[in-house]
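Reading through the structure tokens given below for one structure.
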Amino acid sequence: QVQLVQSGGGSVQAGASLRLSCVASGRLSTYQVGWFRQGQGKERELVASISRSSDATDYADFVKDRFIISRDNAKNLMYLQMNSLKPEDTAVYYCAATGVYGLKLSKDFYAYWGQGTQVRVSN
């Protein structure tokens, strides 16, 4: 098992950048990890995922070329660098980990979740 604790987030203006971090209590290297988000009244959706060894990543079309997912297994950390933020990126963001491999897995396959952090982007 692993516990995930998030940090980062906040309120910014459109075009700004934010970095979300997530630290794991256990060996993060044994898990595939991802970032999800949930807008108000919306389903939780996959934003980005990264393989155990960082050799593969996948991004939702709505964040491609703007967000970067990364991880540091030695420190049990994962990150989401968010650039060129837009108002439609406003949501609660969650880090998550799964023992299953598949970069496009839905939230149902992720067993471990961070507490969530609010990101608000205004015009």
Side-chain angles (χ1 to χ4, degrees):
Q1 286 190 341
V2 64
Q3 291 184 324
L4 304 175
V5 178
Q6 298 178 223
S7 60
S11 297
V12 296
Q13 290 193 321
S17 296
L18 282 172
R19 189 175 82 158
L20 305 181
S21 300
C22 181
V23 62
S25 61
R27 286 185 62 192
L28 195 62
S29 60
T30 61
Y31 298 94
Q32 175 182 297
V33 296
W35 288 93
F36 289 76
R37 73 184 189 185
Q38 188 166 14
Q40 194 168 5
K42 298 183 179 179
E43 291 286 321
R44 191 172 299 187
E45 58 186 356
L46 179 63
V47 174
S49 57
I50 186 168
S51 62
R52 290 174 178 82
S53 60
S54 301
D55 59 347
T57 59
D58 191 70
Y59 295 90
D61 287 344
F62 51 78
V63 302
K64 274 182 181 176
D65 300 324
R66 298 190 298 123
F67 290 13
I68 301 171
I69 187 172
S70 61
R71 63 191 296 167
D72 184 340
N73 286 340
K75 297 180 179 179
N76 293 318
L77 279 164
M78 58 186 288
Y79 305 98
L80 184 67
Q81 177 67 41
M82 303 185 293
N83 302 318
S84 302
L85 282 160
K86 304 176 181 180
E88 50 264 44
D89 294 321
T90 295
V92 177
Y93 285 73
Y94 298 88
C95 60
T98 177
V100 179
Y101 181 73
L103 292 178
K104 295 188 183 295
L105 293 175
S106 72
K107 64 184 187 301
D108 298 331
F109 289 88
Y110 282 78
Y112 307 105
W113 292 87
Q115 79 276 21
T117 186
Q118 179 72 54
V119 171
R120 286 194 177 90
V121 185
S122 59
N123 281 313

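These values consider heavy atoms only, across backbone and side chains, with no hydrogens, waters or symmetry-generated copies. Heads up: numbering here begins at 1 and tracks the sequence. Bear in mind that the values here come from a model prediction, so they are computed numbers and not experimental data.
- Checked against the 6.0 Å centroid threshold, F36 and Y110 count as a close aromatic pair.
- Heavy-atom minimum distance, A16 versus V12: CB-CB, 3.8 Å.
- Looking at heavy atoms from C-beta onward, C22 lies in side-chain contact with W35 at the 4.5 angstrom threshold.
- Under the side chain to side chain contact (heavy atoms under 4.5 Å, CB included) criterion, D55 pairs with S51, S53, not counting sequence neighbours.
- Taking the side chain to side chain contact (heavy atoms under 4.5 Å, CB included) definition, one finds that S84 meets it with R66, sequence neighbours left out.
- Put simply, Y101 and L105 are part of two different groups of oily side chains (I, L, V, M, F, W, Y) that touch within less than 4.5 Å, one to the next.
- Side chain of S29 to backbone of N73: no donor-acceptor contact under 3.5 angstrom is found.
- Side-chain contact check for L80 versus F67: some heavy-atom pair is nearer than 4.5 Å.
- The side chain to side chain contact (heavy atoms under 4.5 Å, CB included) search around V23 returns V5, L77, not counting sequence neighbours.
- N83 and S17 make their closest contact through OD1-OG, 3.0 Å (heavy atoms, listed as atom of the first residue, atom of the second, distance).
- Test V47, L18, D89, V63 against M82 for side-chain contact (heavy atoms from CB on, under 4.5 Å) and you get one pass: L18.
- Between E45 and K107 there is no salt bridge, since no side-chain N of the basic residue sits under 4.0 Å from a carboxylate O of the acidic one.
- A 4.5 Å side-chain heavy-atom check between Y31 and R52 finds every atom pair outside the cut-off.
- One finds the NZ atom of K42 at 14.5 Å from the CZ atom of R44 (value rounded to the nearest 0.5 Å).
- With hydrogens and angles disregarded, no donor-acceptor distance shorter than 3.5 Å links the side chain of R19 to the backbone of Q81.
- Within the 3.5 Å criterion, the main-chain N or O of G102 finds a donor-acceptor partner in the side chain of Q32.
- Sorted by first and then second residue, the side-chain hydrogen bond (donor to acceptor under 3.5 Å, both in side chains) pairs involving residues 1-16 (not counting sequence neighbours) form an empty list.
- Cluster membership check: V92 shares its hydrophobic cluster with L46, using side-chain heavy-atom separations under 4.5 Å among Ile, Leu, Val, Met, Phe, Trp and Tyr.
- Contact annotation: the side chain of L4 approaches that of L28 to within less than 4.5 Å [non-hydrogen atoms, C-beta and beyond].
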Intermediate values then yes/no, side chain to side chain contact (heavy atoms under 4.5 Å, CB included), Y94 and R37: CA-CA 6 Å; Y94 298 88; R37 73 184 189 185; over 6 Å; no
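- Counting all heavy atoms, side chain and backbone alike, L20 lies closest to G9 at CD2-N, 3.2 Å.
- Listed by chain and residue number, nothing satisfies the salt bridge (Lys or Arg N to Asp or Glu O under 4.0 Å) test with D65 (two or more places apart in sequence, or in another chain).
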For V119 and T90: C-alpha separation, side-chain torsions, deciding distance, then whether side chain to side chain contact (heavy atoms under 4.5 Å, CB included) applies. CA-CA 5 Å; V119 171; T90 295; 5.9 Å; no
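- To the nearest 0.5 Å, the span separating CD1 on I68 from OH on Y79 amounts to 13.5 Å.
- Residue pairs that meet the side-chain hydrogen bond (donor to acceptor under 3.5 Å, both in side chains) test with at least one member in residues 111-123, sequence neighbours left out, do not exist here.
- Partner of I50 under the side-chain contact (heavy atoms from CB on, under 4.5 Å) criterion, out of D58, L103, I69: I69 alone.
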